[in-house]
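Below is one structure, written out as structure tokens; the observations come after it.
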Amino acid sequence: MTSSPAAAPPRNAFREQQRKEAHERYLVCARTVFQRLGYRGATVADIVTEANGSRATFYAHFRDKADIAACLFERALPPGAAMYRRTADFPELTRERVRSWLDGHVLEFWSRYRVEIDVINHAIAADPEVAARHYRWITDAARELEPYLLRWTGEQAQVGLTRASLLVLQLERLCYHWLVRGVEHDREMLLDILADLWYRELVLLREGPP
């Protein structure tokens, strides 16, 4: 008679909770340091000091400064995805509803997460791995426009996704320079232009390949 395999030891819930709390503490402290010193001025030592931790603990959670910047930005991904999903909730696709979405949700998101957005843009320039992660995030955001991509199937599926990705990337770059870096624009004029662009492109996406 053979014995059954031994059950795996139960996970140490207390140690796992400690690990999660330490990870979160470093992220919160990193945001404080980045907000105060900027990405370029901040160092791992500054973050460790702010967290009242150790370099060994920091490197147990993060590869380097670029990695913690990327992890910090990842916390903004769920609300960002929800923001793009709102385009599927329009009772009817109209330019006015697109403009209202831009004004009431998109600009608020970029203003709320300006620290995270600023540091990820610096990290992208400094680290190819973070840049690759960022492009995947852009593609994931574009997939939130799925109701407008239903007709893009088969060989055209990648074309539709690329069009949606470029739309998201265009909006991201504009909002970064405008709302994060402080490049001056007339708000109403820019919202009008963005509404025209997004409305036209969403209509084209919804209609499918020519």
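Values in this document were obtained by computation on a predicted structure and should not be read as measured data.
Side-chain atoms of Tyr148 do not come within 3.5 Å of backbone N or O of Glu201 as any donor-acceptor pair. Not a single donor-acceptor pair under 3.5 Å links the side chain of Asp103 to the backbone N or O of Ser100. No side-chain donor-acceptor contact under 3.5 Å links Trp137 to the backbone of Leu77. A distance-only check finds a donor-acceptor pair linking the side chain of Lys65 to the backbone of Tyr39 [under 3.5 Å]. A donor-acceptor pair under 3.5 Å is absent between the side-chain atoms of Ser111 and the main chain of Glu108, judged by distance alone. Counting only distance, with no hydrogens or angles, the side chain of Arg114 and the backbone of Leu179 share a donor-acceptor pair below 3.5 Å.
With a 4.5 Å cut-off on side-chain heavy atoms, Arg133 and Cys71 count as touching. With contacts defined as side-chain heavy-atom distances shorter than 4.5 Å, the pair Asp118/Tyr113 does not qualify. Looking at Val168 and Thr139, their side chains never come closer than 4.5 Å, going by heavy atoms from C-beta outward. Looking at Glu116 and Glu74, their side chains never come closer than 4.5 Å, going by heavy atoms from C-beta outward. Counting heavy atoms from C-beta on, the side chains of Arg143 and Glu146 never come closer than 4.5 Å. With a 4.5 Å cut-off on side-chain heavy atoms, Val44 and Asp64 do not count as touching. For the pair Leu202 and Leu93, the minimum side-chain heavy-atom distance is below 4.5 Å. Using a 4.5 Å heavy-atom threshold, the side chains of Ser165 and Leu161 count as touching.
Environment of CZ in Arg40: sparse, with no more than 12 heavy atoms of neighbouring residues, nucleotides or ligands closer than 6.0 Å. Annotation: Arg151, atom CZ; neighbour count of heavy atoms from other residues, nucleotides and ligands within 6.0 Å does not exceed 12. Counted within 6.0 Å of CG on Asp186, heavy atoms from surrounding residues, nucleotides or ligands total more than 12; the atom is thus considered enclosed. For Arg86, the CZ atom sits in a loose shell: 12 or fewer heavy atoms of surrounding residues, nucleotides or ligands are nearer than 6.0 Å. Atom CZ of Arg112 sits in a sparse spot, with 12 or fewer heavy atoms from other residues, nucleotides or ligands closer than 6.0 Å. Residue Glu50 qualifies as enclosed at atom CD: its count of foreign heavy atoms under 6.0 Å is above 12.
For the atom pair Leu107 CG and Met83 CE, the distance stands at 9.5 Å (nearest 0.5 Å). Annotation: the span from Glu129 atom CD to Asp67 atom CG amounts to 7.0 Å, rounded to 0.5 Å. A distance of 4.5 Å separates CD1 in Ile47 from CD1 in Ile68, rounded to the nearest 0.5 Å.
Of all heavy-atom pairs spanning Leu149 and Ala142, the tightest one is CD1-O, 4.0 Å.
For Asp192 and Arg95, the salt-bridge test passes: some basic side-chain N is under 4.0 Å from an acidic carboxylate O. Using a 4.0 Å cut-off between charged side-chain N and carboxylate O, Arg99 and Glu188 make a salt bridge. No salt bridge links Arg97 with Asp89; every basic N to acidic carboxylate O contact stays at or beyond 4.0 Å.
Side-chain contact, Ser54 with Thr57: a donor N or O sits under 3.5 Å from an acceptor N or O. Side chain to side chain, His134 and Glu172 meet the donor-acceptor criterion of an N or O pair below 3.5 Å. Using a 3.5 Å distance cut-off with no hydrogens or angles, the side chains of Asp46 and Thr49 do not pair a donor with an acceptor. With no hydrogens or angles considered, no side-chain donor-acceptor pair links Asn12 and Arg19 at under 3.5 Å.
Separation of the Trp198 and Trp101 ring centroids falls under the 6.0 Å cut-off. For an aromatic pair to be called close, the ring centres must be under 6.0 Å apart, and Tyr176 with Trp110 fails this.
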Yes or no on ring pair (Phe, Tyr, Trp, His ring centres under 6.0 Å) for Phe34 and His122, after CA distance, side-chain angles and deciding distance?
-> CA-CA 11 Å; Phe34 287 139; His122 286 291; 9.5 Å; no
